[in-house]
**Q** 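My questions all concern the structure below.
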Amino acid sequence: MYFAALLARTEDGWEASDTDLDDVETLSDLTELAREASDDDTVIVFIEQEDAWFGIVRIEGEEDPRIYVSDGAAAARSSYGEILTREILGDDLDDLVDELASLDLDGTEDGEPLDDDADDDEETSVAAEAVPAAPVGDRLILADLGMSPADLLTLDSDALAEIADALGAAEVLEAVR
């Protein structure tokens, strides 16, 4: 189960809204969704999967998004997390997946029957194994907004509430929840 929220900084302060990620398949889709919330101001997209991991995407105007994920390996095993970790790790992850896929280890070398439907699951599993089970991305993503990299690294459960509190947006977020 995912929870996603947008925090948009406006002239009047922070505005919060929960958001539906059903139509998000790429980082571009997520960035477009955030830019619709606020054209030129800072938008923080928060995605959480049942306390397993959380991700933050910061969009400011037309700049490239900045991304932080609390647990790269856990995130890489999920659809939205994989979008974020692939963006952070880029070609290194793609190269590793391609290299391992080229070995053509389909399980039949161990006497197991070939399962053609397992290819997609296997690539996702390989990608998740290649991602560190640690925070990945831009640890300075919220530093200028009141949350130091050290504080960000210590967040665990209920991270969104602590982030919103550091940004001064706790009340508007609570109204959305």
**Q** Below 4.5 Å, heavy atoms only, C-beta onward: do Arg35 and Glu62 meet side chain to side chain?
**A** yes
**Q** In Å and rounded to the nearest 0.5 Å, what is the CD1 to CD1 distance from Ile83 to Ile88?
**A** 12.0 Å
**Q** Hey, could you give me the CD/CE distance between Glu162 and Met147, rounded to the nearest 0.5 Å?
**A** 6.5 Å
**Q** Can you tell me how far CD of Glu48 sits from OH of Tyr80, rounded to the nearest 0.5 angstrom?
**A** 14.5 Å
**Q** When rounded to the nearest 0.5 angstrom, what distance separates OG1 in Thr31 from CD1 in Ile67?
**A** 7.5 Å
**Q** Which heavy atom of Gly146 sits nearest a heavy atom of Ala166, and at what distance?
**A** O-CB, 3.9 Å
**Q** Compare every heavy atom of Gly55 with every heavy atom of Leu84, then report the nearest pair and how far apart it is.
**A** CD1-CA, 4.2 Å
**Q** Side chains of Asp71 and Val136: closer than 4.5 Å at any heavy-atom pair?
**A** no
**Q** Using the rule side chain to side chain contact (heavy atoms under 4.5 Å, CB included), only one of Ile44, Thr19, Ile59, Val57 pairs with Leu6; which is it?
**A** Thr19
**Q** For residues Leu142 and Leu160: do they belong to one hydrophobic cluster (side chain heavy atoms under 4.5 Å, members Ile, Leu, Val, Met, Phe, Trp, Tyr)?
**A** yes
**Q** Can you sort out the partners of Asp158 under salt bridge (Lys or Arg N to Asp or Glu O under 4.0 Å), two or more places apart, ordered by chain and number?
**A** Arg177
**Q** Any side chain to side chain donor-acceptor pair (under 3.5 Å) involving residues 133-146? Give me the pairs, sequence neighbours left out, ordered by first then second residue.
**A** Arg58-Asp144, Arg66-Asp138
**Q** So, do Phe46 and Leu7 sit near enough that their side-chain heavy atoms are less than 4.5 Å apart?
**A** no
**Q** Considering all heavy atoms of both residues, which atom of Trp14 and which atom of Leu167 are nearest to each other, and what is their separation?
**A** NE1-O, 3.1 Å
**Q** In terms of the angle between their ring planes, are Trp53 and Tyr2 parallel, tilted or perpendicular, with boundaries placed at 30° and 60°?
**A** perpendicular
**Q** Under a plain distance cut-off of 3.5 Å, with no hydrogens placed, do Thr154 and Asp151 share a side-chain donor-acceptor pair?
**A** no
**Q** How far apart are the closest heavy atoms of Leu27 and Pro65, and which atoms are they?
**A** CD2-CG, 4.0 Å
**Q** Any non-hydrogen side-chain atom of Leu30 less than 4.5 Å from a side-chain atom of Leu21?
**A** yes
**Q** What's the separation between atom OG in Ser28 and atom CG in Leu33, rounded to the nearest 0.5 Å?
**A** 12.5 Å
**Q** Search all heavy atoms of Ala73 against all heavy atoms of Ala133 and return the closest pair with its distance.
**A** CB-CA, 3.7 Å
**Q** Of all the heavy-atom pairs spanning Ala52 and Ala74, show the shortest one and how long it is.
**A** O-CB, 4.0 Å
**Q** Is Leu153 reachable from Ile141 through a run of hydrophobic residues whose side-chain heavy atoms are each under 4.5 Å from the next?
**A** yes
**Q** Leu140: which other cluster members, linking ILVMFWY side chains closer than 4.5 Å, directly or transitively?
**A** none
**Q** Could you see if Ile47 belongs to whatever hydrophobic cluster contains Phe3? Use Ile, Leu, Val, Met, Phe, Trp, Tyr and a side-chain cutoff under 4.5 Å.
**A** no
**Q** Do Leu145 and Val45 sit in the same hydrophobic cluster, where Ile, Leu, Val, Met, Phe, Trp and Tyr count as joined when their side-chain heavy atoms come under 4.5 Å apart?
**A** no
**Q** Side chains of Phe54 and Ile163, heavy atoms from C-beta outward: is any pair under 4.5 Å?
**A** yes
**Q** Could you check whether any side-chain N or O of Asp165 sits under 3.5 Å from a backbone N or O of Ala161, counting only pairs where one atom can act as donor and the other as acceptor?
**A** no
**Q** Do Ser70 and Leu155 have side chains that get closer than 4.5 Å, going by heavy atoms?
**A** no
